[in-house]
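Heads up, the thing below is written out as structure tokens.
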Amino acid sequence: PHGHRYRFHHAGRTVSCVHGDALCAGDRMFMMLRWLLQGPVGRTVWRWAPWSFIVNLISHQQGRTHIRGSGGREAGLLDEKTLRREFAMGADLLLCGHIHARHTRDVEAIGRMCRLEVIPAWLDGWYGVLEDGAVRVEEFR
């Protein structure tokens with residue numbers, strides 16, 4: 001979902017679905033690019049730009065996306081502080097997409113273990129299935 005998170009209960013878990021953009025808050029360059037592209041000029045570019053330009057822009061951003069851990073060490077895909085804040089709002093399973101990568105891991109937050117599941121963007125040919133409290137990622141066929 002774009003905008004606000006979507007939270008629901010499933011198989012005894014509290015699941016929060018968040019757009020990947022919301023979890024990259026620690027990447028200032030990405031946040032600036034996002035702000036530009038979601039404005040009137042950006043919407044015009046997305047509407048009229050050649051597909052090859054859009055793919056190149058996404059590939060460039062995808063190549064520089066990484067998760068920042070404490071002390072600046074590289075830890076994976078997303079900003080740790082932002083992740084912990086999401087889990088503190090009550091979820092024990094956090095689903096996000098649109099980061100163009102598959103990533104999964106357990107995160108200790110507010111005294112309990114929580115699960116992060118990053119599902120690649122549909123543009124990359126993948127989608128996620130939530131079943132019995134677990135996430136399975138499949139390729140479009």
Side-chain angles (χ1 to χ4, degrees), residues 1-110 112-141:
H2 266 282
H4 298 288
R5 61 204 40 77
Y6 177 70
R7 191 169 290 125
F8 61 95
H9 296 283
H10 172 79
R13 301 185 90 162
T14 301
V15 181
S16 185
C17 296
V18 180
H19 193 277
D21 288 359
L23 300 176
C24 293
D27 187 339
R28 291 177 193 228
M29 180 65 130
F30 171 75
M31 294 305 284
M32 184 177 72
L33 180 63
R34 179 178 175 236
W35 178 77
L36 287 171
L37 292 176
Q38 289 181 350
V41 172
R43 286 193 300 270
T44 302
V45 168
W46 285 120
R47 183 175 296 135
W48 300 106
W51 184 247
S52 60
F53 171 79
I54 293 170
V55 169
N56 285 334
L57 182 63
I58 290 169
S59 295
H60 173 73
Q61 183 60 35
Q62 176 183 347
R64 60 181 301 283
T65 302
H66 60 282
I67 292 180
R68 295 186 173 118
S70 58
R73 66 180 172 76
E74 191 164 288
L77 295 170
L78 308 164
D79 183 64
E80 288 286 334
K81 185 177 180 182
T82 307
L83 283 177
R84 292 186 196 294
R85 186 174 34 237
E86 286 293 329
F87 286 123
M89 286 190 256
D92 60 348
L93 174 60
L94 178 60
L95 301 176
C96 79
H98 201 77
I99 296 183
H100 303 279
R102 172 74 173 126
H103 184 76
T104 183
R105 69 181 165 121
D106 293 321
V107 177
E108 187 176 348
I110 60 172
R112 60 188 167 91
M113 291 304 287
C114 302
R115 184 74 171 177
L116 167 66
E117 294 279 353
V118 178
I119 300 165
W122 66 268
L123 175 68
D124 298 329
W126 299 92
Y127 67 98
V129 177
L130 177 62
E131 190 172 68
D132 298 324
V135 177
R136 182 177 76 246
V137 174
E138 296 184 356
E139 188 173 10
F140 285 115
R141 296 190 188 268

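All residue numbers in this chain count up from 1 along the given sequence.
- Taking the side chain to side chain contact (heavy atoms under 4.5 Å, CB included) definition, one finds that Arg112 meets it with Asp92, Ile110, Cys114, sequence neighbours left out.
- For the pair Glu117 and Arg105, the salt-bridge criterion is not met [side-chain N within less than 4.0 Å of a carboxylate O].
- In this structure, Arg13 contributes its side chain and Gly133 its backbone to a donor-acceptor pair below 3.5 Å.
- Residues Arg102 and Val135 come closest through the heavy atom pair NH2-O, 4.4 Å.
- With sequence neighbours left out, Arg136 forms a salt bridge (charged side-chain N to carboxylate O under 4.0 Å, His left out) with Glu131, Glu138.
- Judged as a side chain to side chain contact (heavy atoms under 4.5 Å, CB included), and not counting sequence neighbours, the contacts of Pro40 are Arg43.
- Classification of the Tyr6-Phe8 ring pair by plane angle, with boundaries at 30° and 60°, yields tilted.
- Here the shortest heavy-atom pairing between Val18 and Glu86 reads CG2-OE1, 3.6 Å.
- Every residue meeting the side chain to side chain contact (heavy atoms under 4.5 Å, CB included) condition with Asp106, not counting sequence neighbours, appears here in chain and number order: Met113, Arg115.
- Atoms CE and CZ, from Met89 and Arg7 in turn, are 6.0 Å apart once rounded to the nearest 0.5 Å.
- Taking the side chain to side chain contact (heavy atoms under 4.5 Å, CB included) definition, one finds that Ala49 meets it with Val45, Phe53, Ile54, sequence neighbours left out.
- Note: Cys96 SG to Ile119 CD1 = 8.0 Å, rounded to the nearest 0.5 Å.
- Note: Thr14 OG1 to Leu93 CG = 9.5 Å, rounded to the nearest 0.5 Å.
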